[in-house]
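A short worksheet on the structure shown next.
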Number of protein chains: 2
Amino acid sequence: MKTKNLDPIWRALADPTRRSVLDLLALGPMQTGHLVVQFPELCRTGVMKHLDILQDAGLLLVRRDGRQRWNYLNVVPIQAIHERWVAKHLQPTASSMTRLKQHVEGKKS
Amino acid sequence: MKTKNLDPIWRALADPTRRSVLDLLALGPMQTGHLVVQFPELCRTGVMKHLDILQDAGLLLVRRDGRQRWNYLNVVPIQAIHERWVAKHLQPTASSMTRLKQHVEGKKS
DNA sequence: TTCATCTGTCACTTTATGGTGACACAAGCG
DNA sequence: CGCTTGTGTCACCATAAAGTGACAGATGAA
């Protein structure tokens with residue numbers, strides 16, 4: 001497998017509005033219009049631009065049904081960031097999770 | 001404890017250069033000048049602006065020694081992001097780590 | 001068909017961000 | 001004292017990004 005670039009994912013996650021969108025989608029898929037009304041301080045076009053960025057990052061999956069568009073959360077990119085960056089930096093600290101993992105695996109080093 | 005805002009942390013992590021800085025500091029503390037030469041495509045001022053942003057996010061700790069400044073990596077904000085955001089989103093998927101954890105703990109639910 | 005609804009797209013403005021050069025300053029060293 | 005070294009700071013520029021209104025298209029209902 002080729003090494004995917006994490007930059008678009010980081011960029012997408014940088015914005016608080018986009019993270020709110022992901023939080024909403026974590027509750028279940030939503031159609032665009034219903035997602036827009038969750039952000040009264042923004043216009044529809046503004047929200048849709050955020051959705052585009054999330055989609056480009058692979059965090060948002062889209063399924064069309066008639067004239068409605070359903071937006072799904074995809075956690076795979078989050079997992080990629082976690083495994084290829086966050087975990088790497090937290091490893092030296094020996095967090096509870098990694099310590100537990102090493103304990104179970106029978107400490108190889 | 002009051003709920004700290006994660007926004008500056010996300011913003012700091014959004015830039016690839018800043019993530020490279022953190023990668024370097026993960027190897028050990030460095031003084032600013034030595035950090036600057038690691039980025040030949042940037043000028044000193046540019047690197048220092050990145051350091052400022054990292055410092056504001058709490059990802060970078062500074063200790064002065066005479067006319068030299070030593071930059072330290074601080075993983076606590078990364079841990080905060082992991083615990084208060086990443087883990088929350090990865091939980092429903094039951095990643096290998098969490099599945100393992102639940103297995104060991106004797107599946108409470 | 002006619003109309004309302006949901007979505008897509010375009011041009012545009014404004015603000016934030018990344019990046020640079022110039023200057024200033026204090027700490028060491030001769 | 002002078003001089004170099006390592007930082008700090010300021011004004012400035014170019015570009016990216018957030019945000020908006022207007023218009024167009026396609027679907028579904030009456």
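Letters go in sequence order (proteins before strands), and every chain restarts at 1.
- Here the P atom of nucleotide D/dA26 and the CD atom of A/Gln31 are 20 Å apart, to the nearest Å.
- For B/Gln68, the listed nucleotide lying nearest its side chain is D/dT7; candidates were D/dG21, D/dT7, D/dA18.
- Atom CG in A/Leu42 sits roughly 5 Å away from atom P in D/dT20 (whole-Å rounding).
- To the nearest 0.5 Å, atoms CG (B/Leu42) and NZ (B/Lys49) are separated by 11.0 Å.
- Under the 30°/60° scheme for interplanar angles, the aromatic rings of B/Trp10 and B/Trp85 are found to stand perpendicular.
- Between the side chain of A/Asp65 and the main chain of A/Gln68, no donor-acceptor pair closer than 3.5 Å is present.
- The separation between A/Met30 atom CE and C/dC6 atom C1' is 14 Å, rounded to whole Å.
- Of the listed residues (A/Val21, A/Leu35, A/Leu73), just one forms a side-chain contact (heavy atoms from CB on, under 4.5 Å) with A/Met30, and that residue is A/Leu35.
- A heavy-atom distance below 4.5 Å is not found between the side chains of A/Gln31 and A/Arg69.
- In this structure, B/Met48 places its CE atom 12 Å from P of D/dC10, rounding to the nearest Å.
- A/Asp52 places its CG atom 15 Å from the C1' atom of D/dT20, with the value rounded to the nearest Å.
- Checked against C/dG18, C/dT7, D/dA18, the side chain of A/His50 finds its nearest nucleotide in D/dA18.
- Judged by closest nucleotide on DNA chain D, B/Trp70 is the one of B/Trp70 and A/Lys49 placed further toward the 5' end.
- The closest side-chain heavy-atom distance from B/Pro77 to B/Ile9 is below 4.5 Å.
- For B/Arg69, counting side-chain heavy atoms from C-beta on, the closest listed nucleotide (C/dG18, C/dG8, D/dG8) is D/dG8.
- The residue A/Leu35 sits apart from the nucleic acid: no heavy atom pair falls under 4.0 Å.
- Atom CG in B/Asp56 sits about 15 Å away from atom C1' in C/dG18, given to the nearest Å.
- Rounded to whole Å, the distance from CZ on B/Arg11 to C1' on C/dG18 is 10 Å.
- Ion pairing between a basic and an acidic side chain is recognised when a charged N comes within 4.0 Å of a carboxylate O; B/Asp7 and A/Arg19 show such pairing.
- Between the P atom of C/dG19 and the CD1 atom of B/Ile53 lies a distance of 9 Å, rounded to the nearest Å.
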Scan nucleotides 22-30 of chain C nucleotide by nucleotide, 5' to 3', and note B when protein non-hydrogen atoms come under 4.0 Å of the base, S if they reach only the sugar-phosphate, - if neither. B----BS--
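- For A/Arg64 and C/dC6, the shortest distance from a side-chain N or O to OP1 or OP2 is not below 4.0 Å.
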